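Report on one structure; see the data block that follows.
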Amino acid sequence: MSNRQDIVEVPLAQAYRLMGFGPVIMVSTTDGSTPDASTVAWARPCAKEPPTFSLNVGTGHRTYKNLAKTGMLCINVPTREFVDTVMYCGRVSGNDVDKVREREIEIRYGNVLRDLPLLDDCVAWLECRVVPWTIERGTSMIRAEAVAASCVEGVLTEQYAWNVARFQTLHHLGGSQFMVSGDVLDMG
Ligand SMILES: Cc1cc2nc3c(=O)[nH]c(=O)nc-3n(C[C@H](O)[C@H](O)[C@H](O)COP(=O)(O)O)c2cc1C
């Protein structure tokens, strides 16, 4: 169990800043007793107020079963240091393996959603309740509303922009390839 002191709350109005720039995310869920973590590249913000996100999750995945059961998920944003776990959680299913136990992934629980597992080695977290979703051809379009947002101190600048120099995120190119976040052009 974590006792990190370096985590700050993010105002919900700015929650979209934690993943609006397209990083690969990890979705953590629970069936009520066993936590699961899965990699998701197809995810994006879709409303600012309330902060809402849409994610495509295969209906055969453990993640889908868990969120259908509990109505909640956490969007965790990893950095490049976590890439091995990102790949592992994207290749192995919680239907077959307790990934969190197998990989010794550090978990802590939500500030608002107290039973929701968060992945402690990521650097930003959106605790979400899922709202009614649609299924098309085996893939669900999940809508998730954030009820709490937090990140490691320094992840967001004073202007609420992601600090890509210090916290390099992963951007999926396909297969086993990722681009790592880099240059920022400020056109202001
Ligand atoms: C880089 C990467 C991105 C992925 N993106 C998605 C995605 O957007 N949606 C999805 O349903 N599965 C995606 N997957 C596949 C799931 O992470 C994978 O099927 C996983 O085993 C599901 O785990 P679960 O059964 O424990 O939920 C991705 C895998 C990788 C490696």
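Atoms considered below: every heavy atom in the structure, side chains included; atoms not considered: hydrogens, waters and symmetry mates. One-based numbering, in listed order, for ligands and for the atoms of each. For clarity, every value in this text was computed on a predicted model and none was experimentally measured.
- When atom types are taken as modelled, the side chain of Asn76 and the backbone of Met26 share a donor-acceptor pair closer than 3.5 angstrom.
- Of the listed options Ala37, Ser93, Cys89, Cys89 places a heavy atom closest to atom 20 (C) of ligand 1.
- Considering both main-chain and side-chain atoms, Met87 never comes within under 3.5 Å of ligand 1 through any nitrogen or oxygen pair.
- Taking any N or O of Val92, backbone or side chain, at least one lies under 3.5 Å from an N or O belonging to ligand 1.
- Here Asn56 has backbone heavy atoms under 4.0 Å from ligand 1, and that is the only part of it that gets that close.
- Nearest heavy atom pair, residue Leu170 against residue Arg80, reads CD2-CA, 3.9 Å.
- Residue, atom and distance of the protein heavy atom nearest to atom 22 (C) of ligand 1 are Ser38 OG, 3.5 Å.
- Looking at ligand 1, you won't find any N or O of Val24 less than 3.5 Å from one of its N or O atoms.
- Applying the side-chain hydrogen bond (donor to acceptor under 3.5 Å, both in side chains) test to pairs two or more places apart or on separate chains, those with a residue in residues 179-188 are Thr169-Ser181.
- Here the heavy atom of the protein found nearest to atom 15 (C) of ligand 1 is Gly90 O, 3.8 Å.
- Atom numbering of ligand 1 starts at 1 in the shown order; those under 4.0 Å from a heavy atom of Trp42 are 8 (O).
- No hydrogens or angles considered: a donor-acceptor pair under 3.5 Å links the side chains of Arg44 and Ser54.
- Salt-bridge annotation for Asp120 and Arg108: present, with a side-chain N of the basic residue lying under 4.0 Å from a carboxylate O of the acidic one.
- For ligand 1, the polar-atom distance check against Arg62 finds a nitrogen or oxygen pair separated by under 3.5 Å.
- For atom 2 (C) of ligand 1, the closest heavy atom belonging to the protein is Thr39 CG2, 3.6 Å.
- Near Phe178, meaning under 4.0 Å from any of its heavy atoms, are these atoms of ligand 1: 1 (C).
- Trp162 places a side-chain N or O within donor-acceptor distance of the main-chain N or O of Phe167, the cut-off being under 3.5 Å.
- Considering only non-hydrogen protein atoms, atom 27 (O) of ligand 1 sits nearest to Thr63 OG1, 2.6 Å.
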Exercise for the section: Mind running salt bridge (charged side-chain N to carboxylate O under 4.0 Å, His left out) on Arg103 and Asp84 for me, showing each step along the way? Expected result: CA-CA 10 Å; Arg103 289 285 302 190; Asp84 289 341; 5.1 Å; no

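- Proximity of a side-chain donor or acceptor of Glu153 to a complementary backbone N or O of Val8 within less than 3.5 Å is not detected.
- Between Gly58 and ligand 1, at least one pair of N/O atoms sits closer than 3.5 Å.
- Geometrically, Arg17 does not engage Tyr160 in a cation-pi contact, judged by NZ or CZ lying under 6.0 Å from the ring centre and within 45° of the ring axis.
- If you check which protein heavy atom lies closest to atom 5 (N) of ligand 1, you get Ala41 N, 3.0 Å.
- By the 4.0 Å heavy-atom criterion, Tyr64 is excluded from the residues contacting ligand 1.
- For ligand 1 and Val57, the ligand atoms under 4.0 Å from any heavy atom of the residue are 11 (O).
- Considering every non-hydrogen atom in both Gly60 and Asn95, the closest pair reads O-ND2, 2.8 Å.
- Ion pairing between a basic and an acidic side chain is recognised when a charged N comes within 4.0 Å of a carboxylate O; Asp96 and Arg62 show no such pairing.
- For Lys99, the salt bridge (Lys or Arg N to Asp or Glu O under 4.0 Å) partners are Asp36, not counting sequence neighbours.
- When His61, Lys99, His172 are ranked by how near their heavy atoms come to atom 12 (N) of ligand 1, first place goes to His61.
- Less than 4.0 angstrom separates some heavy atom of Asp36 from each of these atoms of ligand 1: 24 (P), 26 (O), 27 (O).
- Residue Gly94 approaches ligand 1 through these ligand atoms, each under 4.0 Å from one of its heavy atoms: 24 (P), 25 (O), 26 (O).
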